[in-house]
Protein chains: 2
Amino acid sequence: MGSLSREIEKYLKALLENAKNGVIEVQRSALSDFFECVPSQINYVLSTRFTPAHGYIVETRRGGGGYVRIIRLNFANSDKLKLLFEEIIGTEISQNQAEGLLEYLKKEGILTRKETLLIKNIISDKVLSTSLIKNQDALRSRILQSVLATILREDI
Amino acid sequence: MGSLSREIEKYLKALLENAKNGVIEVQRSALSDFFECVPSQINYVLSTRFTPAHGYIVETRRGGGGYVRIIRLNFANSDKLKLLFEEIIGTEISQNQAEGLLEYLKKEGILTRKETLLIKNIISDKVLSTSLIKNQDALRSRILQSVLATILREDI
DNA sequence: TATAATAAGGTCAAAAATGGTCAGAGGTGA
DNA sequence: TCACCTCTGACCATTTTTGACCTTATTATA
């Protein structure tokens, strides 16, 4: 008794199985035509089943030649990363904590010295202490989530 | 599938690859004939994909014997580049321009693919479009300045 | 040598082509 | 039944494509 959402989910996951690199590109309108549903149903599926926490990243582009790209994350040999990832979602992280996390990733050989430095500087107070930002620690958490998700991408 | 603009972009970049000196000259009308599009489409491609932020300068000339010359900047002239970068990054920078700059740095071998992806994702809408931030483009500028400063450090 | 014709390229705004958001209606399982 | 999914539609945002009209340089000609 699959709901439509579950069907769409299955379909996309099947596509991903056959894709090399764990990356597929589809068009939202083509998908919604195929499943005879409204386009926003596709967004619903993506936002409930293809989030980083589920192990996917979605990138889209509007306009002519637009697309929806789904990238599968590879948690296979990084349970620890998965945990970390889940732990920091929706949290706030101080500069100190963030640096600790980055150092850990460096020590594990997951980030190089240069990558660590780049990110450390980005999330430093020097960059983030600005009236442009309402809550530094919350933004820092979002940035780190993005870093973890990128690291986990299969296609890099 | 891929948009026409992307095709034209690829075509020009391929020409540049084969050109020595990183300079090519084409005729707008010849290009638009070749791609069966209106001439102004070429301008669109140039202005969205071959800006200084993307690492290119475009020079044109009208009238008989007119041309469009595309010059790819190379990092060797890094004094000029530093200035250019400062100008490009300014106090605000759009996502498109920022991504162009990162792609350029990758192409020049200054950033690896992974570093590029990490930073690109950090400055993406996904991370920065949040009510936590008042002015995305301004924060993006701060982040890129930090990245450049890190890159330009001698000790890494 | 002016002047007209021709041969480039430039600008800008409207239309077309995608995808995004959000609130409310409709289902469904414990 | 009640909380929690799912589905829908009206409205929004971004990117690309097109076309009408404008500017500049060169060449031919009176």
Side-chain angles (χ1 to χ4, degrees), chain A residues 1-12 24-51 53-54 56-71, chain B residues 1-12 24-51 53-54 56-71 93-100 103 120 123-131 133 135-137 140:
Chain A
M1 202 36 45
S3 68
L4 182 50
S5 289
R6 268 193 286 266
E7 293 305 313
I8 297 173
E9 175 188 10
K10 267 192 231 157
Y11 177 80
L12 291 173
I24 58 170
E25 250 178 50
V26 295
Q27 287 204 290
R28 187 180 76 153
S29 55
L31 249 191
S32 65
D33 280 353
F34 183 61
F35 283 99
E36 294 178 308
C37 61
V38 293
S40 57
Q41 173 108 32
I42 306 302
N43 298 78
Y44 175 70
V45 173
L46 293 174
S47 66
T48 54
R49 295 154 155 89
F50 291 88
T51 68
H54 289 93
Y56 301 87
I57 292 177
V58 176
E59 297 175 345
T60 62
R61 200 175 160 87
R62 308 184 194 192
Y67 57 78
V68 172
R69 178 185 296 151
I70 305 179
I71 301 163
Chain B
M1 300 306 159
S3 70
L4 183 51
S5 289
R6 277 198 281 270
E7 293 305 313
I8 297 173
E9 174 188 10
K10 267 192 230 157
Y11 177 80
L12 292 173
I24 59 172
E25 255 179 45
V26 295
Q27 288 206 291
R28 187 180 76 152
S29 55
L31 249 192
S32 65
D33 280 353
F34 182 61
F35 282 100
E36 293 179 308
C37 62
V38 294
S40 57
Q41 174 112 31
I42 307 302
N43 298 76
Y44 176 71
V45 172
L46 293 174
S47 67
T48 53
R49 293 152 156 89
F50 291 88
T51 70
H54 292 82
Y56 301 88
I57 290 178
V58 176
E59 297 175 346
T60 61
R61 199 181 157 85
R62 309 186 193 193
Y67 57 80
V68 172
R69 178 184 297 150
I70 305 178
I71 302 165
I93 185 170
S94 72
Q95 187 173 350
N96 175 278
Q97 299 275 300
E99 287 185 358
E103 280 302 318
K120 229 194 236 182
I123 61 163
S124 73
D125 263 345
K126 271 235 229 50
V127 173
L128 300 189
S129 316
T130 155
S131 52
I133 299 172
N135 180 338
Q136 258 189 252
D137 289 357
R140 202 176 277 121

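Below, read A as the first sequence line, B as the second, and so on, with proteins coming before strands; counting in each chain starts at 1.
Residues meeting the side chain to side chain contact (heavy atoms under 4.5 Å, CB included) test with A:Ala53, sequence neighbours left out: A:Thr51, A:Ile89. B:Lys120 pairs by the side-chain hydrogen bond (donor to acceptor under 3.5 Å, both in side chains) definition with B:Glu103, not counting sequence neighbours. With sequence neighbours excluded, the residues satisfying side chain to side chain contact (heavy atoms under 4.5 Å, CB included) with B:Tyr11 are B:Leu15, B:Leu31, B:Phe34, B:Phe35. Not counting sequence neighbours, the partners of A:Arg69 by the side chain to side chain contact (heavy atoms under 4.5 Å, CB included) test are A:Val23, A:Glu25, A:Glu59, A:Tyr67, A:Ile71.
Regarding A:Arg6, its CZ atom lies at a distance of 16 Å from the P atom of C:dG27, rounded to whole Å. When rounded to the nearest whole Å, the span between CD1 of A:Ile42 and C1' of C:dT18 equals 14 Å. Taking atom CG of B:Leu46 as the reference point, atom P of C:dT11 lies 11 Å away to the nearest angstrom. The interatomic distance linking B:Asp125 (CG) with C:dT21 (C1') rounds to 14 Å, in whole Å. Distance B:Phe50 CZ to C:dG9 P: 16 Å, rounded to the nearest Å. Atom pair B:Lys126:NZ and C:dG20:P shows a separation of 10 Å (rounding to whole Å applied). Rounded to an integer number of Å, the gap from A:Tyr44 OH to C:dA25 C1' is 14 Å.
Of the residues in residues 56-63 of chain A, those placing a heavy atom less than 4.0 Å from an atom of DNA chain D are A:Arg61, A:Arg62, A:Gly63, in numerical order. Interface residues of residues 31-41 of chain A facing DNA chain C, ordered by number: A:Ser40; criterion, heavy-atom separation under 4.0 Å.
Contact annotation: B:Ser29 reaches the phosphate of C:dG9 (side-chain N/O to OP1 or OP2, under 4.0 Å).
Interatomic distance, CZ of B:Arg140 versus CG of B:Asp125, reported as 6.5 Å (0.5 Å rounding). Within the model, atoms NE2 of A:His54 and CG of A:Leu46 stand 11.5 Å from one another, a figure rounded to the nearest 0.5 Å.
Checking each of B:Ile42, B:Ile24, B:Val58 against B:Val68 for a side chain to side chain contact (heavy atoms under 4.5 Å, CB included) leaves exactly one that passes, namely B:Val58.
Distance alone, capped at 3.5 Å, is enough to place a donor-acceptor pair between the A:Gln27 side chain and the A:Gly66 backbone.
Pairs passing the salt bridge (charged side-chain N to carboxylate O under 4.0 Å, His left out) check and including a residue from residues 30-42 of chain A, sequence neighbours excluded, do not occur. Here side-chain hydrogen bond (donor to acceptor under 3.5 Å, both in side chains) pairs that include residues 37-50 of chain A, with residues two or more places apart or in two chains, are A:Ser5-A:Gln41, A:Glu9-A:Arg49, A:Arg28-A:Asn43.
With DNA chain D read from its 5' end, the first of the two nearest nucleotides for A:Arg49 and B:Thr48 is the one closest to A:Arg49.
On the nucleic acid side, DNA chain D contacts chain B at distances under 4.0 Å to non-hydrogen atoms, with the end points of that region at D:dT15 to D:dT26.
In terms of heavy-atom proximity, A:Cys37 sits nearest to A:Ile8 at SG-CD1, 4.3 Å.
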